[in-house]
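Chain naming here is simple, since letters A, B, ... match the order of the sequence lines and numbering starts at 1 in each.
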There are 2 protein chains.
Amino acid sequence: MMVDLLTLEGELLPSELERPKRVQSRSNRVAQTVMVARRVLEGEGAGALTVRRLAEEMNIQAPSLYKHFSCKTEVELALIEESMFDIGDVTHQALHESGDLSPIASLLTAYRTHCLSHPNLYRLATSGHFPRENLPEGLEAWAGNPWFVVTGDPSLAQALWSFAHGMVILELDDRYPPGSDLESTWRAGTVAFEQMVRN
Amino acid sequence: MMVDLLTLEGELLPSELERPKRVQSRSNRVAQTVMVARRVLEGEGAGALTVRRLAEEMNIQAPSLYKHFSCKTEVELALIEESMFDIGDVTHQALHESGDLSPIASLLTAYRTHCLSHPNLYRLATSGHFPRENLPEGLEAWAGNPWFVVTGDPSLAQALWSFAHGMVILELDDRYPPGSDLESTWRAGTVAFEQMVRN
DNA sequence: CTAATATGGCTAACGCTGTTAGCCATAACC
DNA sequence: GGTTATGGCTAACAGCGTTAGCCATATTAG
């Protein structure tokens, strides 16, 4: 992982990458479809996100959508891209508004709060095959950079992100035994990684 | 989380729970179906696991399967149960065969190795809605116990498991940037949690 | 031993999914 | 003004999980 460095507050910190641009701008109809898709997905879950349902929401017939998209996964790709931009924005912001929290705690809190409030979008964006080739260049690196910033180490960054994703996805899927004190679990993980950057 | 304690090697360690029994034994045809389902799923992925395909493998017609299962998810439930037993066995064994590794390192290594070598079964067992109500009583607690044993604390146990699951599922879905040094990432996470139990 | 019942196959079909082919009206362009 | 691209439409296909209903065999009850 190649990363530029700059001096910030006397410490060597990874520079913040530039927010990438979308590959190609969307036509009106495409943008509208993605909007509708997002609303349906977030409101009613992946099961409701069907081609016919999207068409119905736009008052056209299902096959007409194929004049704008080559397949359903292309719509989902747009949603994944939006989700990654959103998460990137939220996590970058958490770096600048840590308050009295440690950078790691701030990042984790922001990540958890945002992702849990967009469960279906998060699941879509983080489960199954990752369409790396069809995403804007630099998006993945930009979205992942905050994890590197707060740890200062690529391996620790990935480990921290893995912990955060595991927590979120398991919480979303109701995977922890009933009555689990997840606040405490987040705290335990936070401390574990905080201890790693102090040394 | 209520856990019995016993004295082991001078330390207070959580007792190992008893391996639960299956709720009801399977008829021949049911057992055969689950076997076939597992083979198809592991060999060709979730997309190949269709009712018609299962029937074809057994030389019967698709609707005939409904004489043995009320729905497809019941077959998947059996696979989830098997997967949890397998993972539980592997992780419990890792506790007794740590070698020169720390208990945490041993557990994580065993978990990673096993889960990565059964990708489709792991995805099925750990993604989406968790059918807690339809699993054998005690299975969840038994399978989760090793995480508690190596940490000595429920919150730390859940945090460690979340890290491990995040790592495995993200690795399975090819979610880490190409060229990532995942060995190093596992090591970083391992150290982070090991440091938490020393203190 | 016979009659009733349960077991486990079968075919046909339904409603849903994503998707394709092909037709046609309007809009834009040389 | 003729040509082409845009973006609708209907009809239809294959595959999905699933249901209804029929029927032969196996098991059990009287």
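- Residues A:Asp174 and B:His129 fail the side-chain proximity criterion, which asks for heavy atoms closer than 4.5 Å.
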Let me check I have this right: for DNA chain D, each base becomes ., (, ), [, ] or |, based on Watson-Crick or G-U pairs with both distances under 3.5 Å. What is the full string? ||||||||||||||||||||||||||||||
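- Residues forming a side-chain contact (heavy atoms from CB on, under 4.5 Å) with A:Glu82 (at least two apart in sequence, or on another chain): A:Arg22, A:Arg26, A:Val34, A:Arg38.
- Residues A:Phe163 and A:Trp186 place their aromatic rings such that the two centres sit under 6.0 Å apart.
- Between B:His165 and B:Tyr122, the two ring planes are tilted [angle within 30° to 60°].
- At a cut-off of 3.5 Å, with distance as the only test, a side-chain donor of A:Ser180 or B:Gln158 sits close to an acceptor on the other residue.
- For B:Arg29 and B:Arg52, each mapped to the nucleotide of DNA chain C holding its nearest heavy atom, the one lying further toward the 5' end belongs to B:Arg29.
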Between protein and nucleic acid, restricted to nucleotides 23-27 of chain D and to nitrogen or oxygen atoms under 3.5 Å apart, what atom pairs and distances do you find?
none

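- The CD-P distance, from A:Gln61 to D:dC9, rounds to 5 Å in whole Å.
- Contacts of B:Leu54 with the nucleic acid, taken as non-hydrogen atoms under 4.0 Å apart, are absent.
- To the nearest 0.5 Å, the span separating OG1 on A:Thr33 from NE2 on A:His68 amounts to 6.5 Å.
- Side-chain contact between A:Met196 and A:Thr151 is absent, with no heavy atoms from C-beta onward closer than 4.5 Å.
- Considering only heavy atoms from C-beta on, A:Met167 stays 4.5 Å or farther from A:Arg112 through its side chain.
- Of all the residues in residues 63-78 of chain A, A:Pro63, A:Tyr66, A:Cys71, A:Lys72 reach under 4.0 Å from DNA chain C with at least one non-hydrogen atom.
- Counting only heavy atoms from C-beta outward, the side chains of B:Asp173 and A:Phe130 never approach each other to under 4.5 Å.
- You'll find the side chain of A:Leu49 reaches within 4.5 Å of the side chain of A:Leu79, heavy atoms only.
- Judged purely by distance below 3.5 Å, without hydrogens or angles, the side chains of A:Thr185 and A:Tyr176 never pair a donor atom with an acceptor atom.
- Within residues 31-39 of chain A, no residue has any heavy atom under 4.0 Å from DNA chain C.
- Checked against C:dT11, C:dT19, D:dC16, the side chain of B:Thr50 finds its nearest nucleotide in D:dC16.
- Checked against the 6.0 Å centroid threshold, B:Phe148 and B:Trp161 do not count as a close aromatic pair.
- Taking the ring pair (Phe, Tyr, Trp, His ring centres under 6.0 Å) definition, one finds that B:His92 meets it with B:Trp142, sequence neighbours left out.
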